[in-house]
Amino acid sequence: MKQFSFSYREKLHLQKDFKKVFKLGRRLEDKKIKILAYKNDGLYLKRLGLVTSRKVGTAVERNRTKRRLREIFRTHKHLLEPGLDLIFISKPQTASSDYSDLKKTVLELLESAGFYKDKSEQL
RNA sequence: GCAGACGGAUGGCAAUCGCUUUGCUAUAUGUGCUUGCAAAGAGGAAAGUCCGAACUUUACCGGCGUAAAGAAAUUUGCGCCGAAAACGGUAGCAGGCAAUUCCUGCGGCUCGCGAGAGUAAAGGUGCGAACAGAGACGCUUUUGCCGGAAACGGCGAGAGUAUCCUCUUUUGAGGAUAAGUUUUUGCGGUAACGCAGAAAUUGAAACGGCUAAAUCCUUACCGGAAUGCAAGGCUGAAGAAUAGCCGCUUGACCGUUAAAAGCGAUUUUAACGGCAGAGAAAUGAUUGCGCUUCGGGAAACCGAAGACAGAAUUCGGUGUAUAAUCCGUCUGCUUUA
RNA sequence: GGGCCCGUAGCUCAGUCGGUAGAGCACCUCACUUUUAAUGAGGUUGUCGUGUGUUCGAGCCACACCGGGCUCA
């Protein structure tokens with residue numbers, strides 16, 4: 001498997017999966033974004049779901065926000081533990097901040113929650 | 001040169017890493033929604049959903065044909081069609097289009113010095129606390145002034161204008177001219193209508209005048225109606241859930257050029273080029289280059305900003321938002337030759 | 001994506017052929033009471049979401065915008 005790909009199987013798209021993460025997942029929150037995370041032991045894959053309500057902005061702003069968050073997940077998922085289901089919930093501030101700031105806050109949140117692999121495993 | 005009118009165009013480029021679809025390829029049932037390569041991948045408004053069509057379905061309406069039932073009237077099924085009903089739409093004339101409330105040309109009125117812009121439009125009845133009037137919707141009640149005992153008769157304003165002249169104390173009366181209105185004649189025009197001419201412009205009036213297809217009725221013309229891809233069709237069979245497949249993208253298609261018809265919208269023919277199809281929903285990130293504007297700087301250069309906005313069955317039209325730049329045609333004024 | 005509806009006083013709502021915009025609660029003033037509440041009397045409150053148009057006249061009719069909501073698998 002390629003390191004930076006993002007295929008269909010890595011998307012959350014069933015309501016079943018979303019409900020499980022909403023119910024059982026850990027909540028990490030910042031001014032800019034809210035992250036729900038659930039450790040799914042049955043799977044090796046790390047999967048991502050996106051929630052972007054109309055409060056975030058117009059269709060253009062919502063699409064751009066989702067694409068940026070997907071990009072962050074794609075380029076940094078190799079750092080994460082396997083079997084992790086994530087949901088990124090956007091806020092109005094998410095759309096107004098630029099890509100590098102957004103990347104920084106997302107990675108800091110995930111690191112503080114301890115979802116990174118051990119350094120020995122990374123190698 | 002300044003000011004303005006109308007119309008049109010553009011809405012950066014490349015590389016790398018990813019994403020979606022399609023084609024080819026590899027592997028051969030392993031997280032196969034896989035591997036590799038190639039091609040294509042948001043707009044002028046994709047938007048609002050204001051119109052119109054394609055396409056879909058029907059316990060809808062009507063007509064025709066046919067089959068069955070019945071003695072018959074008729075009923076039911078199937079097929080085809082949309083002349084009539086119902087319902088809806090349109091309203092200056094002529095044309096264009098698959099179709100329209102769209103587009104083109106022409107005509108009326110208003111605005112503008114002008115290029116141009118805006119706007120309305122068949123007939124009838126008629127609510128009414130706007131107008132004037134003492135009184136308003138036509139007589140059911142009440143009701144002005146003058147004459148009269150009464151019956152009854154008469155009267156102002158409001159629909160007949162403006163200017164000038166004459167007469168009259170005033171009210172008012174008469175005349176002329178102009179405009180409008182009505183009728184009518186001739187000419188032009190397919191027509192809407194225009195141009196020119198003639199005659200009338202009086203009487204009566206509480207039965208005043210004004211006022212509705214962007215709320216009523218009628219007429220003429222057009223369209224069967226309803227339904228909107230969440231329409232609709234199929235597969236599958238309980239670890240089924242927001243399932244999968246089809247519909248689903250090449251068609252009344254779009255663009256450029258040329259020829260022909262036409263004032264034009266547009267049509268016909270030929271050549272070339274182009275055309276996304278997602279589904280928790282594909283266009284992003286990084287870097288470099290380039291353009292415009294602003295700030296700093298002597299310069300090299302450095303920094304910042306660059307609109308409105310995202311396909312969801314498809315297409316046509318309309319009006320709404322839009323940084324910056326460019327182009328064309330035309331009008332008025334000024335200057336110079 | 002399609003279809004539909006609503007914006008009227010501080011709040012909840014009426015306003016049905018176009019003719020001076022109303023109700024309840026709230027609020028204000030006065031009376032009663034030592035005071036408050038309750039009660040009684042009186043009163044105020046509106047660019048009818050915004051704009052343009054049709055009309056002699058628009059909350060109502062038409063169109064365009066703005067905001068909010070419902071519904072269809």
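Order of the sequence lines sets the chain letters (A, B, ...), proteins ahead of strands, with each chain counted from 1.
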message: Please convert RNA chain C into dot-bracket. A pair counts if it is Watson-Crick or G-U wobble with both distances under 3.5 Å; crossing pairs go in [ ] and bases paired with another strand get |.
response: (((((((..((((.....[..)))).(((((.......))))).....(((((..]....)))))))))))).
Using whole Å, what does the distance between atom [atom2] of nucleotide [N] and atom [atom1] of [X] come to?
X      : N      : atom1 : atom2 : value
A:L50  : B:C19  : CG    : P     : 16 Å
A:L102 : B:U286 : CG    : P     : 11 Å
A:L48  : B:G18  : CG    : C1'   : 14 Å
A:I72  : B:C17  : CD1   : C1'   : 16 Å
A:R62  : B:A46  : CZ    : P     : 19 Å
A:F73  : B:G18  : CZ    : C1'   : 13 Å
A:H76  : B:U286 : NE2   : P     : 12 Å
A:E71  : B:A285 : CD    : P     : 8 Å

- prompt: Would you call A:V51 and A:F88 a side-chain contact if the rule is heavy atoms closer than 4.5 Å?
  reply: no
With rounding to whole Å, what would you report as the distance between [N] and [M] at their [atom1] atoms?
N      : M      : atom1 : value
B:C51  : B:A99  : C1'   : 11 Å
B:G96  : B:A258 : P     : 26 Å
B:G43  : B:A59  : P     : 43 Å
B:G70  : B:C81  : C1'   : 29 Å
B:G332 : B:A115 : C1'   : 8 Å
B:G114 : B:U331 : P     : 14 Å
B:C229 : B:C248 : P     : 15 Å
C:C13  : C:C48  : C1'   : 14 Å

With both distances kept under 3.5 Å, what pairs with [N], Watson-Crick or G-U wobble?
N      : result
B:C152 : B:G147
B:G70  : none
B:C210 : B:G128
B:G92  : B:C106
B:A243 : B:U235
B:G284 : B:C17
B:U313 : B:A54
B:G194 : B:C187

task: Run through A:L84, A:I72, A:L86 and flag the one making a side-chain contact (heavy atoms from CB on, under 4.5 Å) with A:L110.
output: A:L86
message: Under the side-chain contact (heavy atoms from CB on, under 4.5 Å) test against A:I87, which residue among A:L50, A:L48, A:L36 passes?
response: A:L36
- request: Please determine if a side-chain N or O atom of A:R67 lies less than 4.0 Å away from the OP1 or OP2 oxygen of B:A285.
  value: no
task: Provide the full list of side chain to side chain donor-acceptor pair (under 3.5 Å) pairs with a residue in residues 59-72 of chain A, sequence neighbours left out, each pair given once.
output: A:E71-A:R74
message: Heavy atoms from C-beta onward define the side chain here; which of B:A285, B:A42, B:G18 lies closest to that of A:R74?
response: B:G18
- prompt: Counting distance only, does the side-chain N/O of A:K104 pair as donor-acceptor with the main-chain N or O of A:Y99 below 3.5 Å?
  reply: no
task: Let me know, please, whether A:N63 or A:R70 comes out on the 5' side of the other along RNA chain B by nearest nucleotide.
output: A:R70
message: I want to confirm an ordering. Mapping A:G49 and A:Y99 to their closest nucleotides on RNA chain B, which one lands closer to the 5' end?
response: A:G49
query: Do you know the tightest heavy-atom contact between A:I89 and A:I33?
result: O-CG1, 3.5 Å
message: One character per nucleotide, please: for nucleotides 302-309 of chain B, 5' to 3', B when the base has a protein heavy atom closer than 4.0 Å, S when only the sugar-phosphate does, - otherwise.
response: -------B
query: Are A:L69 and A:S90 close enough, and set up right, to give a side-chain contact (heavy atoms from CB on, under 4.5 Å), and what steps lead you there?
result: CA-CA 9 Å; A:L69 291 174; A:S90 305; 3.6 Å; yes
Syn/anti state for [N] [syn: chi within 90° of 0]:
N      : value
B:A39  : anti
B:G105 : anti
B:U76  : anti

[atom2] on [Y] to [atom1] on [X], rounded to 0.5 Å:
X      : Y     : atom1 : atom2 : value
A:L109 : A:L28 : CG    : CG    : 5.5 Å
A:K32  : A:K91 : NZ    : NZ    : 11.5 Å
A:Y38  : A:R27 : OH    : CZ    : 14.5 Å

